[in-house]
Number of protein chains: 2
Amino acid sequence: MIMEFEKIADILKALADPTRLKILSLLRIRDCCVCELVPIFNISQPAISKHVSRLKTAELVRETRKGQWVFYSINEKRLEEIGYAISHLPDLSEELRKLEQQGLTVTCE
Amino acid sequence: MIMEFEKIADILKALADPTRLKILSLLRIRDCCVCELVPIFNISQPAISKHVSRLKTAELVRETRKGQWVFYSINEKRLEEIGYAISHLPDLSEELRKLEQQGLTVTCE
DNA sequence: TAATAATATAACCATATTGTTATATGTATA
DNA sequence: TATACATATAACAATATGGTTATATTATTA
């Protein structure tokens, strides 16, 4: 299915941060909870919590509570979806057609 | 080749904007110059110019001057690279191993 | 129940992002 | 050369982002 530009941009914004990319790379190895991620990064627990929350909003990770811990797992399907979305962006041929009708296209050489 | 987290994040930031995604979608149809893009979007000429400049910095588009116009073309290779980079993020197993050595991993159930 | 541990949220700050208008630069043409 | 057109850059404003510390929430355990 074709994903809207705004939706794709929103998911890409969630991905477009080195810390969040590192979290995803770690979750590829195994599920982790926030308290395991904290000592790996030089940022506070609330900062990590906000990063995983951002990934969750974009459905790039899923959470499972296990007692006092919340384990996060990667949603590989979502990553595949975003790859597909980038190579199948919504078609804007109509916009270019309108431009031509208005005589606003540039023809050179 | 494996791309560093910061580099991937930087390219993803260039992609993570609806206007820039629409520009890329238009360039998939044919090369365009800034003056053709302006009437398609509800933003000023300098705003469009800055967007294509951001895409150029990330090597997602290339420019060719033709007389007074600058035509922009999509660099599909770069888009493929970023797709590959996302599915082959740098490996952080070592970080998790250190965590285990320090006894900071959580074992439950 | 009280204390502890893990996580999330609130309030705040510094910086980045994305738009604006004004202006500079580069190229073609009268 | 002077003018016009396309594009880029500068200066600025509003909002978003990513960090901080303090505190609230949720679950476990003494």
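This structure is a prediction, so every number in the text was calculated from the model and none was measured. The sequence lines fix the lettering, A, B, ..., with proteins before strands; numbering per chain opens at 1.
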Exercise. Rounding to a whole Å, what distance do you find between I43(A):CD1 and dG18(D):P?
Worked result: 10 Å

Exercise. Tell me: CG of L55(A) to P of dT17(D), nearest whole Å?
Worked result: 14 Å

Problem set entry | Side chain of K50(A) (C-beta onward), nearest among dA8(D), dT18(C), dT20(D) | dT20(D)

For this session: Tell me whether the OP1 or OP2 atom of dA6(D) has a side-chain N or O from Y72(B) closer than 4.0 Å.
Result: no

Problem set entry | Partner residues of K7(B) under the salt bridge (Lys or Arg N to Asp or Glu O under 4.0 Å) criterion, sequence neighbours left out | none

Problem set entry | Whole-Å gap separating P (dG18(D)) and CZ (F41(A)) | 14 Å

Exercise. With sequence neighbours left out, what residues match R97(B) under side chain to side chain donor-acceptor pair (under 3.5 Å)?
Worked result: E94(B)

Exercise. Atom CZ of R54(A) and atom P of dG19(D): how far apart are they, to the nearest Å?
Worked result: 13 Å

Problem set entry | L55(A) backbone acceptor or donor facing R20(A) side chain under 3.5 Å | no

Seminar exercise, completed: Taken in chain and number order and not counting sequence neighbours, the residues that satisfy side chain to side chain contact (heavy atoms under 4.5 Å, CB included) with C33(B) are V106(A), C35(B), E36(B), W69(B), F71(B)

For this session: Return the minimal non-hydrogen interatomic distance between R78(B) and A58(B), and the atom names on each side.
Result: NE-O, 2.9 Å

For this session: Go through residues 3-26 of chain B and report each residue with a non-hydrogen atom lying under 4.0 Å from DNA chain D, sorted by number.
Result: none

Exercise. Under 4.0 Å: is that the gap between some side-chain N or O of S49(B) and OP1 or OP2 of dT7(D)?
Worked result: no

Problem set entry | Side-chain N,O (S44(A)) to OP1/OP2 (dG19(D)) below 4.0 Å | no

For this session: Taking side chain to side chain contact (heavy atoms under 4.5 Å, CB included) as the test, write out the residues that go with R62(A), two or more places apart.
Result: S73(A), N75(A)

Problem set entry | Length of the CD-C1' vector between E63(A) and dT25(D), whole Å | 14 Å

Problem set entry | Value in whole Å for how far the C1' atom of dT4(C) lies from CH2 of W69(A) | 12 Å

For this session: Kindly write out the residues that satisfy salt bridge (Lys or Arg N to Asp or Glu O under 4.0 Å) with E63(A), not counting sequence neighbours, or none if the list is empty.
Result: K56(A)

For this session: Can you tell me the distance, in whole Å, between the CG atom of N42(A) and the C1' atom of dG18(D)?
Result: 15 Å

Problem set entry | Over all atoms of both residues, closest heavy-atom pair of I86(A) and L12(A) | CD1-CD2, 3.9 Å

Exercise. What is the distance from CD1 of I48(B) to C1' of dT7(D), rounded to the nearest Å?
Worked result: 12 Å

For this session: Return the set of residues passing side chain to side chain donor-acceptor pair (under 3.5 Å) with R28(B) (not counting sequence neighbours), or none when no residue passes.
Result: E76(B)

Problem set entry | Partner residues of D10(A) under the salt bridge (Lys or Arg N to Asp or Glu O under 4.0 Å) criterion, sequence neighbours left out | R54(A)

For this session: State which residues pass side chain to side chain donor-acceptor pair (under 3.5 Å) with S93(A); sequence neighbours excluded, sorted by chain then number.
Result: D91(A)

Exercise. Can you list, by residue number, the residues of residues 27-40 of chain A that have a non-hydrogen atom closer than 4.0 angstrom to DNA chain C?
Worked result: C33(A), V34(A), C35(A)

For this session: With sequence neighbours excluded, tell me which residues meet side chain to side chain contact (heavy atoms under 4.5 Å, CB included) with I43(A).
Result: T19(A), F41(A), A47(A), I48(A), H51(A)

Exercise. What string of B, S and - do you get for nucleotides 23-30 of chain C, 5' to 3', if B is base contact, S is sugar-phosphate-only contact and - is no contact with any protein heavy atom under 4.0 Å?
Worked result: ----SS--

